[in-house]
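A short write-up of the structure that comes next.
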Amino acid sequence: MHDIRLIRDNPAAFDAGLARRGLEPLSAAILDEDARWRSVSTSLQEGLARRNEASKAIGAAMGKGDSATAEALKAEVAALKTRLPELEAEEKALAEAIRDRLAAIPNLPAPDVPEGADESGNVEAHHWGEPRSFNFAAQDHADFGPALGLDFEAAAAISGARFAALRGQMARLHRAIAQFMLDQQTGTNDYEEVNPPLLVRDDAVFGTGQLPKFAEDLFRTTTGHWLIPTAEVSLTNLVREQILPESALPLRFTALTPCFRSEAGAAGRDTRGFIRQHQFEKVELVSICTPDQAADEHAHMVASAQAILEALGLPYRRMLLCTGDMGFSAAKTFDLEVWLPSQGVYREISSISTCGDFQARRMNTRYRPEGEKGTRFVHTLNGSGLAVGRTLVAVLENYQNADGSVTVPDVLVPYMGGLTELTPR
RNA sequence: GGAGAGGUGGCUGAGUGGUCGAAAGCACCGCACUCGAAAUGCGGCGUGCCGGCAACGGUACCGUGGGUUCGAAUCCCACCCUCUCCGCCA
């Protein structure tokens, strides 16, 4: 949610930011509506002031037993009452229209975000590890996975396309990856573990920015709840409508949760394999902090996610997303992309964004700066640390052997009860 | 799911339809007293929006949204949430 005052103060800068996102200028239309709202609002307030004044006088007159004056004043206020409801309705409609308009505008990119129309404009910022050279043709996990317990057919019979069942060693490896990640994030990386609600209300999803524009990407229950598409929703909204003491910041949260995405519009993309599912698990990282802390928190979050890939020995690169590839709420995003040998490409496995006060405004989350009076909006950041399903895919493909077995990465062996290899049946 | 009770400022907690944005206490801030501190005394102490350079003025907010009224924290309706008891249940 944008601050209308910033748009009033510097409409050109606002439109320039939109232009970097590839959007038409909107400030003129917004400010026009804003001017009308202020005019109506002022008239309304003047009317209310007159009404309040007269009502007080009526009270005073009645207190003195002067019913003649009271009745005269009542008649006067009654006349006002025909106009006030109209003004009220008009004011409300305009305020709502402005809010709806602002709520649908994405965050503006940070100054150091490169301009670009789509993912081809992203810039590599860092890479780690060398893709392993295979002495056989690296296979696709969708091909050798089923013999190791990755069951697409049974899941399709139960739930349809884009679902999978993990069985035996495969289920164990998936769990091992998730537990390892969660232990790292809660331990060395200092995030507080949270087990949050997976079903959430409109307000929460609005707060992080998935609503109102992206309802079709979400699942909704018959009770009106939404299934979270990412724990970012639950974790960030943990502080919604709160005023936090500055000393409490930064707050760092992590959660291992299922995520549910309808994948509307993704028909035909990544239909094979475990890459794009309606349901997947992810270890999410969220930071709630002051504006001054945000850059460091972003760096810490990036490092926390990268550390997982490095511990697992998975080659990756870090991309600075360009303006055209960033999500709705983000001001600046790094994606981590892991090497998938079967496809010979790097695939997104983590996305780490700083959102400025964009989400904080939508959630009304503020803090009290020490030594200042009043409150300011917090900054929020979120990132995957990491997506469990895609990490499973990366481990399978990077650690596959010619005989269809998969070597368990060293750090996961303790989580596998000592099992060092997945063997085909 | 059924029955009941309740949602008021950072917290506790008053509030008769009419100077109630709201008593009081606690907490907090400033000042005084003190060598210093405690105790005590005095003063201050909510948020949003609009106007104003500012001082300040106006307006809204007592769970949320409607309604009644000249006027609603107070009356009416709906919803949300919390607590207690019963039922069901991992």
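In what follows, chains are A, B, ... by sequence order, proteins preceding strands, each numbered from 1.
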Euclidean distance for C1', C28(B) against G10(B) (whole angstrom): 9 Å
Determine the interatomic distance between C1' on C62(B) and the same-named atom on G46(B); round to the nearest Å. 12 Å
Nucleotide by nucleotide, 5' to 3', does protein get under 4.0 Å of the base (B), only the sugar-phosphate (S), or neither (-) in nucleotides 48-55 of chain B, counting heavy atoms? SBSS----
Using a 3.5 Å cut-off and no angle test, enumerate the donor-acceptor pairs between side-chain atoms of residues 203-210 of chain A and protein atoms at least two apart in sequence or in another chain.
residue, atom, partner, partner atom, Å
Thr208(A), OG1, Ala204(A), O, 3.3
Thr208(A), OG1, Gln210(A), OE1, 2.6

Verify, without hydrogens or angle tests, whether His2(A) (side chain) and Phe358(A) (backbone) share a donor-acceptor contact under 3.5 angstrom. no
C1' gap between A14(B) and C29(B), integer Å: 25 Å
Can you give the dot-bracket line for RNA chain B, using ( ) for pairs inside the strand, [ ] for pairs that cross earlier ones, | for pairs with another strand and . for unpaired bases, where Watson-Crick and G-U count if both distances are under 3.5 Å? ((((((((.[[[..)..(.....]]].(((((.......))))).((((((....)))))).[[[[[..)....]]]]])))))))....
Work out how far the P atom of G67(B) is from that of G52(B), and round it to whole angstrom. 32 Å
Kindly state each residue pair satisfying salt bridge (charged side-chain N to carboxylate O under 4.0 Å, His left out) with at least one member in residues 225-236 of chain A, sequence neighbours excluded. none
Who passes side chain to side chain donor-acceptor pair (under 3.5 Å) against Ser353(A), sequence neighbours left out? Thr333(A)
In whole Å, what is the span from the NZ atom of Lys92(A) to the P atom of A60(B)? 16 Å
Using the C1' atom in both, what is the distance from U64(B) to C56(B), to the nearest Å? 33 Å
By the salt bridge (charged side-chain N to carboxylate O under 4.0 Å, His left out) test, which pairs, at least two apart or in different chains, include something from residues 250-265 of chain A? Asp190(A)-Arg252(A), Arg252(A)-Glu297(A), Glu263(A)-Arg276(A)
Roughly, in whole Å, what's the span from CG in Leu84(A) to C1' in G58(B)? 15 Å
Interatomic distance, Arg83(A) CZ vs C70(B) C1' [rounded to whole Å]: 19 Å
In whole Å, I'd like the distance from the CG atom of Asn364(A) to the P atom of U64(B). 13 Å
Please encode protein proximity along nucleotides 71-82 of chain B as a string of B, S and -, counting only heavy-atom distances under 4.0 Å. S--------S--
Every protein N/O lying under 3.5 Å from an N/O of nucleotides 20-22 of chain B:
none

How far apart are the closest heavy atoms of Ile98(A) and Trp37(A), and which atoms are they? CD1-CB, 3.8 Å
Name the atoms and distances for all side-chain donor-acceptor pairs under 3.5 Å in residues 412-425 of chain A, with sequence neighbours left out.
residue, atom, partner, partner atom, Å
Tyr415(A), OH, Asp183(A), OD2, 2.6
Thr423(A), OG1, Gln169(A), NE2, 3.4

Atom CD of Gln242(A) to atom C1' of G9(B): distance rounded to whole Å? 17 Å
Nearest-angstrom distance, P atom, G7(B) to G63(B): 8 Å
Can you name the nearest heavy-atom pair linking Ile288(A) to Leu249(A), along with the distance? O-CD2, 3.6 Å
Who pairs with Arg36(A) by side chain to side chain donor-acceptor pair (under 3.5 Å), at least two apart in sequence or on another chain? none
When the C1' atoms of A24(B) and G15(B) are compared, how many Å lie between them, rounded to an integer? 11 Å
Select base, sugar-phosphate, or nothing to describe what Leu48(A) touches, counting heavy atoms under 4.0 Å on all strands. sugar-phosphate
Ring pair (Phe, Tyr, Trp, His ring centres under 6.0 Å) partners for Phe334(A), two or more places apart: His298(A)
Quickly work out the Glu241(A) CD to G9(B) P distance and round it to whole Å. 14 Å
C1' atom, C77(B) versus C85(B): distance in rounded Å? 27 Å
By the 4.0 Å heavy-atom rule, please label Ala49(A) as base, sugar-phosphate, or nothing. sugar-phosphate
Between His278(A) and Phe219(A), how do the two ring planes meet: parallel, tilted or perpendicular, split at 30° and 60°? perpendicular
For Glu53(A) and G57(B), give me the distance from atom CD to atom P, rounded to whole Å. 15 Å
Where is the tightest heavy-atom contact between Arg21(A) and Ala330(A), given as atom of each residue plus distance? NH2-O, 3.1 Å
For Glu115(A), all residues meeting salt bridge (Lys or Arg N to Asp or Glu O under 4.0 Å), sequence neighbours excluded: Arg20(A)
Under 3.5 Å, is there a donor-acceptor pair linking the side chains of Ser342(A) and Glu397(A)? yes
Could you tell me how far apart Lys74(A) (NZ) and C70(B) (C1') are, to the nearest whole angstrom? 6 Å
Under 3.5 Å: donor-acceptor pair, side chain of Ser384(A), backbone of Ser351(A): yes
